[in-house]
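Reminder, nothing fancy here: chain letters follow the sequence lines and each chain counts from 1. The basis for the numbers below is simple: all heavy atoms, side chains too, and nothing from hydrogens, waters or symmetry mates.
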Amino acid sequence: MCNCDFFIMGFSMQEYQPQTLEKAIQQVWNENRTFKAVEDPDREKFYCLSMFPYPSGKLHMGHVRNYTIGDVIARFQRMQGKNVMQPMGWDAFGLPAENAAIQNKVAPAQWTRQNIDYMKGQLKSLGFAYDWDRELATCDPDYYKWEQWLFTKLYEKGLAYRKKSVVNWDPVDQCVLANEQVIDGKGWRSGAPVQRRELEQWFVKITDYADQLLDDLDKLDGWPEQVKTMQRNWIGRSVGLEIDFPLADETDRLSVYTTRPDTLMGVTYVAVAPDHPLSKRAAENNPELAAFIEKCAHIATSEAVVETLEKEGVDTGIRVRHPITGEQLPVWAANFVLMGYGTGAVMSVPAHDQRDWEFAKKYGLPIKVVIKPVGGELPDVSEGAYTEKGELVNSGEFDGIRSEQALEVFAKVLGEKGLGRKQVNYRLRDWGVSRQRYWGCPIPMIYCDSCGVVPVPEEDLPVRLPEDVVPDGAGSPLAKMPEFYETTCPKCGGKARRETDTFDTFFESSWYYARYACPDQDKAMLDERADYWLPVDQYIGGIEHAILHLLYARFFHKLMRDFGLVHSDEPFANLLTQGMVIAETWYRQNPDGSKTWYNPADVEVQRDDKGRIVGGVLKSDGQPVEFGGIEKMSKSKNNGVDPQAMVDKYGADTVRLFTMFAAPPTQSLEWSDAGVEGAHRFLNRLWRLVQRHAEEGTAAAVDKAALTSEQKDLRRAAHEMLKQATHDIRDRLHFNTAIAAVMSLVNTLSRFEPQNDQDRAVLQEALELAVLVLSPITPHIAQALWEALGHEGLIVDQPWPQVDEEALKQDAIELVVQVNGKLRGRIQVPVDADKTAILAAARAEPNVQKFIEGKEIVKEIVVPGRLVNLVVKG
RNA sequence: GCCCAGGUGGCGAAACUGGUAGACGCAAGGGACUUAAAAUCCCUCGGACCUUGCGGUCCGUGCGGGUUCGAUUCCCGCCCUGGGCACCA
């Protein structure tokens with residue numbers, strides 16, 4: 001195979017030098033194309049995918065953690081005999097490239113490609129087992145051509161359409177602001193109050209797939225329950241009642257949707273969005289209302305902003321009739337009702353909805369109780385709404401009906417009047433994919449005065465994004481480039497105008513996982529190789545993507561399925577959502593109240609005699625800095641730790657080991673320089689231990705028939721470690737406890753001093769197990785130690801070792817004895833001792849006797865292999 | 001505001017299906033080696049108390065209740081921290 005033993009000749013007997021070692025081993029992988037994935041129908045495939053990075057400049061610790069998790073899984077599965085594919089690529093379109101362009105006057109394309117080059121080098125230095133032949137970048141026309149193609153197909157099928165929707169508009173910079181660019185209601189660069197502005201934009205009908213997206217969650221056994229719950233809530237399917245409130249002047253009706261039809265008789269007013277047509281019409285001769293609408297037009301569009309606003313409203317003066325009683329009810333314009341959401345109107349029941357209650361109290365609107373606990377008293381609503389379900393009261397002929405029956409009852413009654421109907425509703429809204437941005441995939445549509453909207457024909461795709469553009473932050477550059485937007489109509493050949501908006505970047509990241517199967521296919525979006533590799537067997541990424549990215553990707557998969565491009569319902573069989581990487585923050589208060597943040601690497605931490613942080617000083621000037629808590633690594637708090645500096649100092653294996661050891665993958669990981677040192681110390685210790693053993697030459701195989709009890713103990717320790725680590729890695733993805741098990745074994749082995757050949761044989765076996773188990777986590781040092789232990793070839797091609805059940809057997813075990821659930825003693829019993837013997841031994845234990853003496857034993861519990869509990873009375 | 005998580009020694013964590021709370025590591029303290037330092041190795045390490053010692057007792061998993069022979073684990077209520085909220089990715 002490969003001539004791998006050449007480098008160990010140079011490294012054995014020496015101290016551990018990760019930098020040279022890692023480079024040499026990476027070169028061997030490279031030259032042997034060790035991680036190239038080839039379709040092979042005869043082998044079980046394993047597609048391991050980590051969420052691809054946005055090429056922001058350099059890797060951050062979140063990437064390192066994400067990709068190490070993926071790499072450990074990929075390497076482990078390879079040792080399990082699977083045909084593993086682990087690709088990597090670049091989520092290359094996005095806002096930061098435009099911001100960098102404005103700041104540095106560099107074209108986003110150039111900036112992005114430079115970042116990709118640098119970050120690729122970083123990924124290589126970390127030793128990840130990627131098949132680089134499958135690399136892709138979403139800003140490549142060869143890639144985005146196919147999503148343009150799919151979009152035109154969606155349009156033909158009626159799944160893509162245009163409608164008006166609201167954006168945050170910066171009146172100074174004359175551009176649309178992303179939610180994160182709106183700070184306290186103002187544009188981040190201009191500082192001008194944002195304006196809500198309606199734009200004609202493209203939408204994709206994800207709501208047509210809402211039921212599938214909801215129902216198929218039940219098939220995703222390999223997904224965290226938490227993520228499935230979030231998606232279910234996000235889709236928010238409900239069965240309720242759509243109710244019409246006729247306008248008092250009979251000119252029109254106002255429709256609302258409710259999931260609480262049981263409270264219909266308690267409606268005391270109706271609330272509409274400030275920009276609802278009714279509200280706008282009423283404002284024409286109502287200056288107070290007009291002022292309110294104008295005020296609301298400066299509220300940012302994000303739900304988090306709208307939902308935390310102080311609830312405000314104005315009476316529109318319009319009256320509607322209650323659909324059952326005919327009673328006149330006021331219509332209020334309220335800032336918490338959203339126009340783009342349902343019908344833009346809600347019925348308000350202050351007695352049974354807390355938000356309505358607060359609004360009613362504020363404006364002196366009536367509160368009418370219509371629900372009480374079944375068989376109970378009228379609830380007190382003087383301090384807040386009664387939101388439980390129950391039975392109807394004060395509802396005339398409907399009194400006594402249960403909340404659960406109300407939907408059917410009112411659907412029938414209102415149905416007969418033509419004023420209501422049962423309806424399934426979703427919280428999920430259609431996916432708005434238009435962005436008024438430059439650095440994105442052009443939406444492949446053409447507007448012709450005579451033919452209307454015309455999709456770009458397949459033979460004209462891709463619509464290429466001009467790459468030599470430096471945006472200046474004022475408006476969309478494409479809309480100012482006639483050479484881009486001036487075109488001819490594909491239908492009539494007349495003068496026409498191209499769409500200048502680009503896709504939401506979630507569009508690219510919604511199908512990249514499939515394209516990795518066949519990145520070189522230039523005749524189609526996907527080919528049969530996708531059927532071999534899909535679905536992804538293990539997907540790994542941050543919990544922050546639990547809803548949007550993962551929902552869009554699931555949706556895209558179903559779209560591609562319905563176009564015959566893939567043949568499964570779901571893209572990701574197993575999902576691991578990793579926690580954040582956090583670190584200490586340090587700051588100094590400036591005179592103006594702002595804070596200057598200092599990187600933890602520049603701070604000397606001061607601790608008390610217990611080791612608690614009491615303060616810190618800046619290394620450069622020796623002056624104190626304040627401790628700001630432990631937070632997510634970020635630019636704004638300047639607490640990012642540069643992975644490259646760590647790799648340069650300790651080597652990739654140490655960084656990988658620490659990130660896997662410090663916490664289980666799903667939890668947040670607190671960075672600790674001291675912890676990294678500890679991981680490095682451990683690798684050094686293991687290195688010396690193996691070298692010391694190897695200096696005497698490798699040992700023969702263990703003679704299992706002639707083991708001393710000490711040798712048996714050592715073998716048991718080794719195989720118990722293997723059993724534990726295999727379970728932790730394969731079944732739980734808890735790499736921290738697998739590493740702890742190896743550390744424990746290495747501690748035991750360090751204390752063992754071999755006296756004879758059989759001792760050395762047992763030690764050799766244990767060392768091999770330790771090295772094999774560590775190899776997915778710290779692959780470079782594992783390769784070197786594997787050779788030191790006398791093996792040729794690559795450790796990545798070794799099968800995962802088997803637990804020797806024989807080695808785990810014991811003659812006697814220790815049981816814990818409790819009295820009334822409190823630990824009182826320990827007993828040694830033979831493994832096969834029966835219950836009577838165990839209980840006798842437990843009662844005879846001296847300390848236990850102190851607690852049962854003179855008392856009546858009322859119950860005796862024996863948990864096999866674990867404990868005895870004696871329950872006494874008196 | 002709404003949805004989803006999390007909270008255990010000085011710190012990161014472990015306890016897998018309700019069964020020994022704190023494995024493993026870090027920090028700290030003590031010792032060995034060294035002319036010295038670094039590195040390395042050994043010991044101690046949740047709190048309070050009892051005991052010459054061996055060892056033992058009580059308390060302790062955010063807070064308050066509950067279920068159970070037994071609760072970090074299950075149930076109810078609360079507090080705090082984090083993630084997401086549709087144009088950051």
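Of the candidate nucleotides B:rU20, B:rC3, B:rC88, B:rC3 has the atom nearest to the side chain of A:Met230. Taking only side-chain atoms of A:Ser744, from C-beta outward, the nucleotide of B:rA23, B:rC4, B:rG83 with the closest atom is B:rA23. Which of B:rC69, B:rC26, B:rC16 sits closest to the side chain of A:Arg732 comes down to B:rC16. Closest to the A:Leu95 side chain, of the nucleotides B:rC87, B:rA89, B:rC69, is B:rA89. When each of B:rA86, B:rU40, B:rA14 is scored by its nearest atom to the side-chain atoms of A:Pro664, the top-ranked nucleotide is B:rA14. Ranking B:rC85, B:rA14, B:rC11 by closeness to the A:Leu548 side chain, first place goes to B:rC85. Side-chain proximity of A:Gln667 to B:rC85, B:rA14, B:rU20: nearest is B:rA14. Among the nucleotides B:rC4, B:rG19, B:rA89, the one closest to any side-chain atom of A:His545 is B:rA89. Listed nucleotides: B:rC41, B:rC26, B:rG84. Nearest to the side chain of A:Arg688: B:rC41. When distances are taken from the side chain of A:Glu303 to each of B:rC88, B:rC24, B:rC85, the shortest belongs to B:rC85.
Contact annotation: A:Asn747 side-chain N/O to B:rA23 OP1/OP2 distance is not under 4.0 Å. The side chain of A:Arg685 contributes no N or O atom lying less than 4.0 Å from OP1 or OP2 of B:rC24. A sub-4.0 Å separation between OP1 or OP2 of B:rA89 and a side-chain N or O of A:Thr505 is present. The shortest distance between the side-chain N/O atoms of A:Asn736 and the OP1/OP2 oxygens of B:rG25 is not below 4.0 Å.
Note on A:Phe682: nothing from the nucleic acid sits closer than 4.0 angstrom, heavy atoms only. Among the atoms of the strands shown, only primed sugar atoms or phosphate atoms (P, OP1, OP2) are found under 4.0 Å from some heavy atom of A:Ser668. Counting non-hydrogen atoms under 4.0 angstrom, A:Met580 reaches the backbone sugars and phosphates but no base. The residue A:Ser302 sits close only to the backbone: its heavy atoms come under 4.0 Å of sugar-phosphate atoms, none of a base. A:Val858 comes within contact range of no nucleotide atom at all, as no heavy-atom separation falls under 4.0 Å. Within 4.0 Å of A:Arg435, counting heavy atoms only, lies at least one base atom of the nucleic acid. Looking at heavy-atom distances under 4.0 Å, A:Asp91 makes contact with sugar-phosphate atoms alone, never a base. Residue A:Glu670 is in sugar-phosphate contact alone, with no base atom involved, counting any heavy-atom pair closer than 4.0 Å across all strands shown. Note on A:Leu309: nothing from the nucleic acid sits closer than 4.0 angstrom, heavy atoms only. A:Glu677 comes within 4.0 angstrom of nothing in the nucleic acid, heavy atoms only. Heavy atoms of A:Ala304 sit under 4.0 angstrom from at least one base atom. Here A:Gln354 lies out of heavy-atom contact (under 4.0 Å) with every strand. Among the protein residues, A:Gln201 comes within range of the nucleic acid bases, having at least one heavy atom under 4.0 Å from a base atom. Note on A:Tyr54: only backbone sugar-phosphate atoms sit closer than 4.0 angstrom, heavy atoms only; bases stay farther off.
Donor-acceptor pairing under 3.5 Å is recorded for the side chains of A:Gln724 and A:Asp728. A donor-acceptor contact closer than 3.5 angstrom links the side chains of A:Thr301 and A:Asn168. No hydrogens or angles considered: nothing links the side chains of A:Tyr16 and A:Gln691 as a donor-acceptor pair under 3.5 Å.
Using C1' as the reference atom, B:rA38 and B:rG60 are 40 Å apart when rounded to the nearest Å. Nucleotides B:rC63 and B:rG30, compared at atom C1', are 38 Å apart to the nearest Å. A distance of about 12 Å separates the C1' atoms of B:rA21 and B:rU73, rounded to the whole Å. Annotation: B:rG9 and B:rC45 have their C1' atoms spaced 10 Å apart (nearest Å). Between B:rU61 and B:rG22, the distance separating the two C1' atoms is 9 Å to the nearest Å. Using atom P as the reference point in both B:rA39 and B:rU51, the two lie 42 Å apart (nearest Å). Rounded to the nearest Å, the gap between the P atom of B:rC2 and that of B:rC59 is 39 Å. Nucleotides B:rG70 and B:rU20 are separated by 12 Å at their C1' atoms, to the nearest Å.
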When you compare the protein's N or O atoms with those of nucleotides 51-62 of chain B, which come within less than 3.5 Å of each other, and at what distance?
| residue | atom | partner | partner atom | Å |
| --- | --- | --- | --- | --- |
| B:rU57 | OP1 | A:Arg824 | NH1 | 2.8 |
| B:rU57 | OP1 | A:Asn847 | ND2 | 3.3 |
| B:rC58 | OP1 | A:Arg824 | NH2 | 3.1 |
| B:rC58 | OP2 | A:Arg824 | NH1 | 3.0 |
| B:rC59 | OP2 | A:Lys822 | NZ | 2.9 |

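Taking the syn range as angles within 90° of 0, the glycosidic angle of B:rG9 is syn.
Mapping A:Arg429 and A:Val871 onto RNA chain B via the closest heavy atom, the residue that lands nearer the 5' end is A:Val871. Along RNA chain B, the nucleotide nearest to A:Thr308 and the one nearest to A:Asn684 differ in position, and the one closer to the 5' end is contacted by A:Thr308.
Here A:Asp173 pairs with A:Asp170, A:Cys175, A:Arg189, A:Ser190 under the side-chain contact (heavy atoms from CB on, under 4.5 Å) rule; sequence neighbours left out.
The cationic group of A:Arg427 lies under 6.0 Å from the six-membered ring centre of A:Trp234 and within 45° of the ring axis, placing it in a cation-pi geometry.
Below 30°, between 30° and 60°, or above 60°: for A:Tyr54 and A:Trp111 the angle between ring planes is between 30° and 60°, a tilted geometry. Note: A:Phe93 and A:Tyr144 have tilted aromatic rings, judged against thresholds of 30 and 60 degrees for the angle between ring planes.
Each of A:Gln436, A:Arg435, A:Gln201 was checked for a side chain to side chain donor-acceptor pair (under 3.5 Å) with A:Asp501, and the lone residue meeting it is A:Gln436.
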A:Glu860 vs A:Lys835, salt bridge (Lys or Arg N to Asp or Glu O under 4.0 Å): CA-CA, chis, key distance, verdict: CA-CA 10 Å; A:Glu860 292 169 328; A:Lys835 196 171 170 178; over 6 Å; no
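Remark: the A:Asn233 side chain and the B:rC3 base include no donor-acceptor N/O pair separated by less than 3.5 Å.
Checked for salt-bridge contact, A:Lys163 and A:Glu198 miss the test: no charged N lies under 4.0 Å from a carboxylate O.
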Dot-bracket line, read 5' to 3' along RNA chain B, where crossing pairs take [ ] and | marks a partner on another strand, Watson-Crick or G-U under 3.5 Å: (((((((..(((......[....))).(((((.......))))).(((((....)))))..(((((..]....))))))))))))....
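Aromatic rings from A:Phe507 and A:Trp431 are positioned such that their centres are separated by under 6.0 Å. Aromatic ring centroids of A:Tyr539 and A:Tyr513 lie 6.0 Å or more apart.
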